[in-house]
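Remember, it's 1-based here, ligands and their atoms both numbered in the order they're listed.
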Amino acid sequence: MPEDQLNVGASVIELRQGDITTVSADAIVNAANSSLLGGGGVDGAIHRAGGPAILEDCRRIVARIGRLPAGQAVITTGGRLPARHVIHTVGPVWQGGGSREAETLASCYAGSMELARQHGLAHVVFPSISTGIYGYPVEKAAPVALAAVRDFLVRHGAPARVGFMLYDPHTYQAYASALRALAAASGGIR
Ligand code: ADP
């Protein structure tokens, strides 16, 4: 098995390094903020590349539900992106680890996958949520992210493909090492 992927039942978790706005998938996930009106980091890149249709959908959602709490997810069009949809989720701001950050982060991944499943989306690609502007140390976030995705796949058997598109080599290495540890701990789940 290549070291950048882990099979979980009939599904696969894959790690890649690069720019998530270039990914062709059923959905890419945005590390948004609660306003859903755009921001820096991956959020800014997604809105720039996807164009105004994404923001229009976000405004409609905000008009209906107000601010999106951390740990929850919503879905919009992908606009001009190669991805058909964007799933927007709000990660926790790192506050030292004692404010249920891991639980909130796991909920971002599970909630995004649940939305994908409800919409029948087979291929979803995540960025490293919360490890940029929100300050979550990537060595701590990577195992939480991967375990949340693995647990969801064990429980639900879908989506078929779950990717991580990691922007820089340091982030990629942190996820690769967490994936090796997860595979060793779970005996390479199949
Ligand atoms: P947060 O506010 O949740 O911390 P950021 O966007 O600041 O979100 O950072 C989350 C991660 O996304 C960081 O690892 C950052 O380097 C990465 N990132 C930034 N731009 C892109 C992009 N175009 N594609 C993939 N990942 C990106």
Side-chain angles (χ1 to χ4, degrees), residues 4-5 13-51 54-55 58 61-62 67-97 99-113 115-116 123-149 161-179:
D4 59 356
Q5 70 175 61
I13 303 174
E14 304 168 320
L15 308 183
R16 298 283 182 271
Q17 195 193 316
D19 179 353
I20 201 167
T21 65
T22 67
V23 169
S24 294
D26 295 315
I28 60 169
V29 178
N30 181 18
N33 59 57
S34 287
S35 79
L36 288 180
L37 298 181
V42 72
D43 194 4
I46 286 172
H47 282 285
R48 271 194 304 279
I54 300 176
L55 197 58
C58 285
I61 291 167
V62 171
R67 292 170 69 80
L68 186 66
Q72 295 190 21
V74 296
I75 187 166
T76 69
T77 176
R80 293 196 296 259
L81 290 169
R84 283 167 50 214
H85 300 279
V86 177
I87 293 172
H88 306 258
T89 188
V90 181
V93 176
W94 180 253
Q95 290 172 321
S99 302
R100 301 167 88 93
E101 292 96 326
E103 202 176 305
T104 305
L105 186 64
S107 163
C108 289
Y109 287 95
S112 297
M113 290 173 76
L115 263 184
H123 183 200
V124 182
V125 178
F126 286 97
S128 177
I129 297 164
S130 281
T131 67
I133 297 161
Y134 280 5
Y136 206 127
V138 68
E139 285 74 16
K140 293 194 195 318
V144 172
L146 291 169
V149 167
R161 268 179 94 183
V162 182
F164 283 84
M165 186 53 101
L166 306 159
Y167 204 44
D168 58 274
H170 176 76
T171 302
Y172 178 87
Q173 286 308 330
Y175 277 74
S177 123
L179 191 67

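Polar contact with ligand 1: absent for Ile129 (N/O pair, distance under 3.5 Å). Checking only distances, Gly41 never comes within under 3.5 Å of ligand 1, N or O to N or O. Every N/O-N/O distance between Tyr167 and ligand 1 stays at or above 3.5 Å. For the pair Ser130 and ligand 1, the shortest N or O to N or O distance falls below 3.5 Å. An N or O contact shorter than 3.5 Å is missing between Gly135 and ligand 1 by distance.
Listed here is the closest heavy atom pair of Ala32 and Tyr134: O-OH, 4.1 Å. Taking every heavy atom of both residues into account, Thr89 and Gly71 meet most closely at OG1-C, 4.4 Å. Heavy-atom minimum distance, Cys108 versus Ile129: CB-CD1, 4.1 Å. The two residues Leu146 and Tyr175 make their nearest non-hydrogen contact at CD1-O, 3.5 Å. His47 and Gly38 get closest at one heavy-atom pair: CD2-CA, 3.9 Å.
By the 4.5 Å heavy-atom criterion applied to side chains, Pro127 and Val29 are counted as neighbours.
Closest to atom 6 (O) of ligand 1 among all protein heavy atoms lies Val42 N, 2.8 Å. Closest to atom 14 (O) of ligand 1 among all protein heavy atoms lies Thr131 OG1, 3.4 Å. Protein heavy atom in closest approach to atom 7 (O) of ligand 1: Ile133 N, 2.8 Å. The nearest heavy-atom contact from the protein to atom 24 (N) of ligand 1 is Ile20 N, 2.9 Å.
At least one heavy atom of Gly18 sits less than 4.0 Å from an atom of ligand 1.
With Ile28 as reference, Ile46 is the one residue of Ile46, Val124, Val42 to meet the side-chain contact (heavy atoms from CB on, under 4.5 Å) rule. Evaluated for a side-chain contact (heavy atoms from CB on, under 4.5 Å) with Leu81, the options Thr21, Ile20, Thr22 yield exactly one hit, Thr21.
Evaluated by nearest non-hydrogen atom to atom 11 (C) of ligand 1, the leading choice among Ala31, Ser128, Gly40 is Ser128.
The backbone N or O of Glu103 lies less than 3.5 Å from no partner atom in the side chain of Ser107, so there is not a single donor-acceptor pair.
With ligand atoms numbered from 1 in the order given, ligand 1 contributes 25 (C) to contacts under 4.0 Å with heavy atoms of Met165. Near Asp19, meaning under 4.0 Å from one of its heavy atoms, ligand 1 places the atoms 22 (C), 23 (N), 24 (N).
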